[in-house]
Amino acid sequence: MLVSVVNRRDRLQRLFDMAPSFDAGNTFPVRGARMKIGRMRTIDRIGHPSNSRHSTREQHPVATSTKLAGVKGTVSIELVHEALHAALLRNMDISRVLETANLDSGLLQSGRARIPAAAYSRMWVALADLMDDEFFGLDHHGLRRGSYALMTRAAVSAHNLEHALRRILRFLRITLDDFRGELIRTDGEARIVLHDGGVMRRLFGYGTWFILVHGLACWLVHRRIPLREMQFRCPAPVDDSHYRTRFCQNVVFAGASTHIAFDSAFLDLEIVETADTVDGFLREAPGNLLVQYRNESSTHAIVRRRLRNQLPDQWPDLHRLAQDLHMSGTTLQRRLQQEGLNYQRLKDDLRRDIAIDLLSTAPMTVAEVAARTGFQEASAFHRAFKKWTGVSPGAYRMAGPAKS
């Protein structure tokens, strides 16, 4: 065991020695050993402001503007259960995690419930704190708190994206035991293959690993890297919309390997972020990883953006919307069906997300939320909301607006 610790420590030291953004100084705990690393610059972990007592930045907004409600979308309760899985197996007390995320425990009992993306982000940070693991216990070794910040600082000094990705994959190979990423470049295509040692892992583990890697890569070059394909070895979940929304429309399950593929030209992009911008990135993580770099090129994402600019009672019918998008109604309907949706379902989903956002964060009555989402009567809103989520609007009021 001691040999393994020392080897891991030495490999991390060699990786950090290559990154000029580090200065000799402090120490970093690795399985009981200590090693020299660079002096930390203000932010030492994702989702946390400076440790300084003079930091006055609010971590959580008190209320959400009704104009922006629904912009970030919602996350299925299934992903909440997946994130909490290892902590519950270890009999950890997750009450503080739910309180930090302003989640009522009753939501966990409904299979159709969803939570705001901002609440999921707060839960991510609180759970990482509880477990001292930024990978939620998905790996036998885990990703100690502060590891992602160190990896970001090592990657930002690379000269191009390929160089940065190889540093990122090497870092994760050293810190994790069960997952190993490999970058393969061929003519016209780059592929990041995620090896799992021949043992089928949980889909949530593969997806979380790719969120950490793809999100960081996008930030380094200051643009989203569109994916041509995403493939998993494991079977499809009941609801795969999260993976299509976050990554790409072309998601394949039960494949021969787990990987993402994109145009190899992106590997030659220069790193535009600097050591001076790392703090801002880490302060907004993981929310920026979940929302900022998701797939916005799908038809349903384009339609959602257009509808968000109008009040629900002003939303056009299918044919008028198709005209605005310079296509026929039949074409729009077919494209939505290819993505597993129809126009009515898309509108209901957006109404649901706006309602959840407002109920969770805005100081509005249920009747006001009903009106904001296009319902003339609160009773009709109650019935629709329970049909969408399996719970009453009051379940999102239990915890109250997010506290700063």
Side-chain angles (χ1 to χ4, degrees), residues 1-16 27-35 37 44-47 78-94 97 123-152 154-155 165-183 192-216 231-235 237 243 253 255 257-260 285-286 289:
M1 179 64 179
L2 180 59
V3 173
S4 174
V5 170
V6 173
N7 287 341
R8 192 187 299 270
R9 177 197 65 192
D10 291 343
R11 284 180 288 168
L12 278 170
Q13 182 67 65
R14 288 196 297 271
L15 176 63
F16 293 136
T27 57
F28 175 65
V30 182
R31 292 274 186 155
R34 294 174 72 83
M35 59 179 283
I37 62 166
D44 63 351
R45 61 186 67 182
I46 61 173
E78 178 186 356
L79 293 182
V80 176
H81 285 291
E82 288 283 352
L84 296 172
H85 179 75
L88 292 174
L89 284 181
R90 299 175 189 179
N91 293 318
M92 291 182 166
D93 182 4
I94 63 168
V97 174
M123 186 197 73
W124 181 315
V125 173
L127 187 58
D129 283 341
L130 174 67
M131 303 183 71
D132 188 23
D133 186 354
E134 294 173 345
F135 202 47
F136 305 139
L138 295 164
D139 183 273
H140 281 93
H141 179 266
L143 200 61
R144 290 273 183 90
R145 218 47 185 104
S147 298
Y148 197 75
L150 290 173
M151 183 172 72
T152 301
L165 279 172
R166 295 195 185 280
R167 277 190 180 177
I168 291 168
L169 299 183
R170 185 176 178 186
F171 182 99
L172 291 173
R173 183 176 182 178
I174 292 171
T175 52
L176 299 178
D177 288 340
D178 304 331
F179 296 83
R180 178 176 66 84
E182 178 187 11
L183 176 61
I192 298 178
V193 180
L194 183 52
H195 301 285
D196 51 23
V199 178
M200 186 79 73
R201 310 292 174 181
R202 288 163 53 202
L203 173 60
F204 183 72
Y206 296 124
T208 301
W209 190 95
F210 278 119
I211 284 177
L212 296 175
V213 173
H214 180 254
L216 178 53
Q231 181 172 284
F232 295 101
R233 287 211 312 128
C234 45
Y243 300 94
F253 296 95
S257 65
T258 298
H259 65 262
I260 57 174
L289 302 176

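What you are looking at is a predicted structure, and each value in this text was computed from that prediction instead of being measured.
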Please state whether the rings of Tyr243 and Phe253 are parallel, tilted or perpendicular, taking 30° and 60° as the class boundaries.
perpendicular
Within this structure, what is the CZ-CZ distance for the pair Arg201 and Phe232, rounded to the nearest 0.5 Å?
15.0 Å
Taking all atoms of both residues into account, what is the closest heavy-atom pair of Val125 and Pro286, and its distance?
CG2-CD, 3.5 Å
Can you confirm whether Asp178 sits close enough to Val199 that some side-chain heavy atom of one is under 4.5 Å from a side-chain heavy atom of the other?
no
Do the side chains of Ile260 and Leu194 get nearer than 4.5 Å, heavy atoms only?
no
Rounded distance [0.5 Å steps], NE2 in His214 versus CD1 in Ile192
8.5 Å
What is the distance from atom CG of Leu216 to atom CZ of Arg167, rounded to the nearest 0.5 Å?
12.0 Å
Taken to the nearest 0.5 Å, the spacing of Arg233 CZ from His195 NE2 works out to 11.0 Å
Rounding to 0.5 Å, atoms CZ (Phe179) and CG (Leu212) come to a distance of 11.0 Å
What I'd like to find out is whether the side chain of Met151 reaches to under 4.5 Å of the side chain of Leu172, using heavy atoms alone.
yes
Between Arg144 and Glu134, is there a side-chain heavy-atom distance shorter than 4.5 Å?
no
What heavy-atom pair brings Ile94 and Ala87 nearest, and what distance separates the two atoms?
CG2-CB, 4.2 Å
I'd like to check Phe171 versus Ser147 (side-chain heavy atoms, cut-off strictly below 4.5 Å). Are they in contact?
yes
For Glu82, is there any backbone N or O sitting under 3.5 Å from a side-chain donor or acceptor partner on Arg202?
yes
Contact summary for Ala83 and Leu127, nearest pair of heavy atoms:
O-CD2, 3.1 Å
Just verifying a value: how many Å separate His259 NE2 and Phe210 CZ, rounded to the nearest 0.5 Å?
8.0 Å
Under 3.5 Å, is there a donor-acceptor pair between the side chain of Asp133 and the main chain of Leu143?
yes
Strictly under 6.0 Å, is that where the ring centroids of Phe135 and Trp209 end up?
no
Show, in sequence, the C-alpha distance, side-chain angles and deciding distance for Gln231 and Ser257, and conclude whether the side-chain contact (heavy atoms from CB on, under 4.5 Å) test is met.
CA-CA 7 Å; Gln231 181 172 284; Ser257 65; 3.5 Å; yes
Looking at every non-hydrogen atom in both residues, tell me the closest pair between Leu176 and Gly142 and how far apart they are.
CD2-O, 3.6 Å
Check: His141 side chain, Thr175 main-chain N or O, donor-acceptor pair, under 3.5 Å:
yes
